[in-house]
Amino acid sequence: MLTTSNASAFRARVGERQQHSDPKVLLQEIIGYYSRTPDKANGIGLDDPFALPARIREIQVLRGQAIILQ
């Protein structure tokens with residue numbers, strides 16, 4: 001996840017598990033489904049920026065932790 005100026009966007013890495021790729025398409029379907037709203041029927045696109053809620057300015061995602069700056 002990348003954040004700048006009160007907005008964020010997902011950056012997905014396609015990983016491998018047991019010699020099978022985890023497709024970005026599947027991840028998009030899951031995120032799109034659970035982020036649907038009346039205004040955005042298809043939900044959030046993985047590559048589309050979106051506004052951060054609750055006056056969050058930035059989210060720093062590191063290995064094993066996430067730091068949220070308000």
Side-chain angles (χ1 to χ4, degrees):
M1 177 180 288
L2 301 174
T3 59
T4 57
S5 303
N6 303 329
S8 186
F10 291 105
R11 294 293 180 250
R13 292 184 186 168
V14 176
E16 289 188 15
R17 182 176 45 184
Q18 299 175 352
Q19 299 178 357
H20 297 297
S21 293
D22 296 329
K24 184 177 177 182
V25 174
L26 177 60
L27 183 58
Q28 174 60 63
E29 288 293 320
I30 294 168
I31 290 174
Y33 179 82
Y34 286 105
S35 64
R36 291 184 296 182
T37 65
D39 294 336
K40 200 159 190 170
N42 292 329
I44 297 170
L46 284 178
D47 298 322
D48 298 339
F50 58 93
L52 294 169
R55 292 178 279 156
I56 295 173
R57 292 183 324 204
E58 183 178 345
I59 302 172
Q60 298 173 359
V61 180
L62 306 169
R63 185 178 185 135
Q65 67 179 341
I67 301 169
I68 299 171
L69 303 174
Q70 287 187 309

Pairs under 3.5 angstrom only: tabulate donor-acceptor contacts from the side chains of residues 28-35 to other protein residues two or more places apart or in another chain.
unit_1 : atom_1 : unit_2 : atom_2 : d
Gln28  : OE1    : Leu46  : N      : 2.6
Gln28  : NE2    : Ile44  : O      : 3.1
Ser35  : OG     : Ile31  : O      : 2.6
Ser35  : OG     : Ile44  : N      : 2.7

Between Arg57 and Gln70, which heavy-atom pair has the shortest distance, and what is it?
CZ-O, 3.6 Å

Starting from Ile67 and following side-chain heavy-atom contacts under 4.5 Å between hydrophobic residues (I, L, V, M, F, W, Y), which residues can be reached?
Leu62, Leu69

